[in-house]
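Written out below as structure tokens is the structure these notes cover.
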Amino acid sequence: MTTLFDPITLGPVTLSNRIMMAPMTRGRGTDKHVPLPRIADYYAQRAGAGLIISEAIPISVQGAGWPYSPGLWSDEQVEAWKPVTQAVHEAGGRIVAQLWHMGRVVHPAMSGEQPVSASAIAPPGEAFTYEGRQPHVEPRALRVDEIPGLIADYVNAANNAIRAGFDGVQLHGANGYIIDQFLRDSSNQRTDDYGGSIENRARLLLEVTQALVDSIGSDRVSVRLSPNGEVQGVIDSNPEPLFAYVARELDKIGLSFLELREARSDAQPALSPVIREAFKGVLVLNGDYTLGDGNEAVASGRADAISYGRPYIANPDLVDRFREGWPLAEQKPGPGAYSPIDEGYADYPRYEAAVA
Ligand SMILES: Cc1cc2nc3c(=O)[nH]c(=O)nc-3n(C[C@H](O)[C@H](O)[C@H](O)COP(=O)(O)O)c2cc1C
């Protein structure tokens with residue numbers, strides 16, 4: 001029976017276990033979106049994961065709405081990421097870069113321009129800026145003639161990721177950001193080739209994915225989706241056929257793996273069984289998993305691997321703690337992802353060090 005501690009093959013590489021670190025924004029860049037050196041310590045400490053999926057990394061100024069999020073559009077950023085990927089590799093790990101455009105969730109105080117989205121519909125709530133939270137502003141609908149430029153920004157960031165030493169990229173298609181804003185119908189009311197039908201709403205996701213595969217190879221491209229539940233005002237009125245179609249088309253393109261962040265509640269039925277049917281490649285599930293139900297998911301074949309997010313914040317040695325049955329540490333209270341401070345970041349000890 002397969003367990004989380006068994007290796008798994010992703011194209012040409014074999015991961016030593018099926019425990020991935022889920023992408024988590026931690027805000028440890030400069031206010032110009034350049035990675036700070038401590039990011040290398042943080043990820044190297046977590047290199048025991050079969051694969052690290054990095055924090056969401058903005059691909060462009062237009063897409064960067066999170067204070068202190070380290071980006072990947074400039075040479076300066078590429079240089080600053082190199083020590084991070086090197087530290088992970090020296091520690092025996094692997095890391096892919098999650099590529100992020102926040103779309104309508106970006107505040108003009110961050111980007112200097114009106115945000116773009118599928119349609120001119122503002123998200124609920126407030127945006128993060130360096131001056132604190134501010135109400136979201138109404139985005140403008142991205143013009144069709146701007147889409148090649150958006151795709152080019154993703155491709156540029158993917159090429160930069162490879163130059164910076166990442167083992168691949170993950171397209172962030174989840175959590176109410178621009179790809180998700182096009183996919184699901186609460187945020188997409190377009191009447192052109194990128195709105196309306198399922199095929200049209202999935203077009204941006206599939207075009208970006210194909211462009212990434214064409215430029216860095218399918219072995220190095222993964223996609224993350226959040227098919228069920230509302231995130232940042234993004235939800236779909238009929239998600240099952242939408243995500244079945246998306247899964248079929250992604251299967252045709254071919255991916256390193258597909259990761260699903262699923263809300264786990266009775267009110268929001270999981271779509272992973274439908275997606276599992278349509279997508280024949282490696283499927284990674286995420287969301288509130290423990291060691292026990294993660295093992296159950298891979299043993300039953302519902303998933304090939306599990307990604308863990310919050311447990312990784314305070315447990316850099318999560319794989320060892322799971323394997324040895326050691327207790328998990330709790331995250332310290334603090335600003336978490338909103339401030340580039342040292343505390344509560346790369347200062348969580350391994351279990352042996354904590355009890356020594
Ligand atoms: C601090 C924090 C930051 C996060 N940042 C991201 C992100 O950058 N990209 C992303 O796709 N998901 C992000 N997430 C969601 C996580 O990847 C994951 O889906 C979520 O925490 C549920 O998994 P878990 O129960 O294992 O924590 C973040 C979650 C947390 C707690």
Side-chain angles (χ1 to χ4, degrees), residues 20-36 38-43 45-46 49 51-73 77 80-81 84-85 88 95-107 109-111 115 123 125-130 132-133 136 154 157 161 164 166 169-181 222-226 231-232 234 259 261 286-287 307-316 331-348:
M20 294 190 181
M21 179 175 165
M24 281 189 294
T25 295
R26 302 305 309 276
R28 262 68 179 189
T30 68
D31 60 4
K32 300 283 182 291
H33 302 284
V34 178
L36 289 167
R38 72 195 67 147
I39 297 179
D41 300 332
Y42 168 77
Y43 284 119
Q45 291 163 358
R46 287 156 180 76
L51 182 69
I52 296 169
I53 306 166
S54 81
E55 64 206 277
I57 301 179
I59 60 165
S60 62
V61 173
Q62 184 190 63
W66 196 277
Y68 309 108
S69 54
L72 205 37
W73 63 83
Q77 291 162 336
W81 278 113
V84 178
T85 59
V88 170
I95 182 169
V96 297
Q98 191 187 48
L99 304 184
W100 197 24
H101 187 304
M102 293 170 65
R104 68 182 191 172
V105 186
V106 180
H107 194 277
M110 295 295 298
S111 63
E126 295 180 318
F128 292 96
T129 76
Y130 292 113
R133 291 181 186 228
H136 281 298
Y154 277 107
F166 283 97
V169 302
Q170 178 177 75
L171 175 60
H172 194 344
N175 297 353
Y177 297 112
I178 197 162
I179 300 290
D180 205 16
Q181 290 159 28
S222 64
V223 170
R224 175 177 244 220
L225 301 170
S226 50
V231 199
Q232 309 200 81
V234 175
E259 187 200 11
R261 181 200 185 167
N286 165 261
S307 67
Y308 292 85
R310 288 162 295 172
Y312 257 113
I313 290 180
N315 298 280
Q331 185 183 353
K332 300 174 208 165
Y338 311 112
S339 173
I341 60 169
D342 282 338
E343 215 179 1
Y345 184 57
D347 53 357
Y348 289 102

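Keep in mind the model is a prediction, meaning the values are calculated, not measured.
The line from NE2 of H136 to CD of E126 is 8.0 Å long, rounded to the nearest 0.5 Å. For the atom pair S307 OG and Y312 OH, the distance stands at 10.5 Å (nearest 0.5 Å). Atom CD of Q98 and atom CD1 of I52 lie 13.5 Å apart (nearest 0.5 Å). With rounding to the nearest 0.5 Å, the separation of CZ in F166 from CD1 in I53 is 12.5 Å. For the atom pair CZ (F128) and CE (M102), the distance works out to 8.5 Å, reported to the nearest 0.5 Å. Rounded to the nearest 0.5 Å, atoms CG (L36) and CD1 (I341) are 12.5 Å apart.
With contacts defined as side-chain heavy-atom distances shorter than 4.5 Å, the pair L72/W81 qualifies. Between Y308 and M21, the closest side-chain pair of non-hydrogen atoms is not below 4.5 Å. Proximity of H172 to I179: side-chain heavy atoms (C-beta onward) are nowhere separated by under 4.5 Å. A heavy-atom distance below 4.5 Å is found between the side chains of V105 and Q232. For the pair L171/Y154, a side-chain contact is recorded, criterion being any heavy-atom separation below 4.5 Å from C-beta on. The side-chain heavy atoms of P23 and Q170, taken from C-beta on, include a pair separated by under 4.5 Å. Within the 4.5 Å cutoff, the side chain of V169 has no heavy atoms near those of the V96 side chain.
In terms of heavy-atom proximity, L99 sits nearest to A157 at CD2-CB, 4.1 Å. When all heavy atoms of P115 and G103 are compared, the closest pair comes out as CB-O, 3.6 Å. Minimum heavy-atom separation, G173 to L225: O-CD2, 3.9 Å. Considering every non-hydrogen atom in both G71 and I57, the closest pair reads C-CG2, 3.5 Å.
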Open item on the list: For S222 and E259: C-alpha separation, side-chain torsions, deciding distance, then whether side-chain hydrogen bond (donor to acceptor under 3.5 Å, both in side chains) applies.
Closed with: CA-CA 8 Å; S222 64; E259 187 200 11; over 6 Å; no
Task: CA sep, side-chain torsions, deciding dist, call: M24, I313, side chain to side chain contact (heavy atoms under 4.5 Å, CB included) - done: CA-CA 9 Å; M24 281 189 294; I313 290 180; 3.7 Å; yes
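The backbone N or O of P70 sits nowhere less than 3.5 Å from a side-chain atom of H33 that would complete a donor-acceptor pair. Side chain of S226 to main chain of N175: a donor-acceptor pair is present (N/O by atom type, distance under 3.5 Å, no hydrogens or angles). Judged by distance alone, with hydrogens and angles left aside, the side-chain atoms of Y130 form a donor-acceptor pair with the main-chain N or O of Y68 at under 3.5 Å. Distance alone, capped at 3.5 Å, is enough to place a donor-acceptor pair between the T30 side chain and the V34 backbone. In terms of modelled atom types and a separation under 3.5 Å, the side chain of Q45 and the main chain of A346 share a donor-acceptor contact.
No hydrogens or angles considered: a donor-acceptor pair under 3.5 Å links the side chains of R26 and Y42. R224 and N286 form a side-chain donor-acceptor contact under 3.5 Å, judged by distance and modelled atom types alone.
Ring geometry for W100 against Y177 counts as perpendicular: the plane angle is over 60°, on a 0 to 90° scale with 30° as the lower cut.
Sorted by first and then second residue, the side chain to side chain donor-acceptor pair (under 3.5 Å) pairs with a member in residues 52-67 read Y43-E55, Q62-H101, Q62-E113; sequence neighbours excluded. Under the salt bridge (charged side-chain N to carboxylate O under 4.0 Å, His left out) criterion, the residue pairs touching residues 331-343 are R38-D342, K332-D347, with sequence neighbours excluded.
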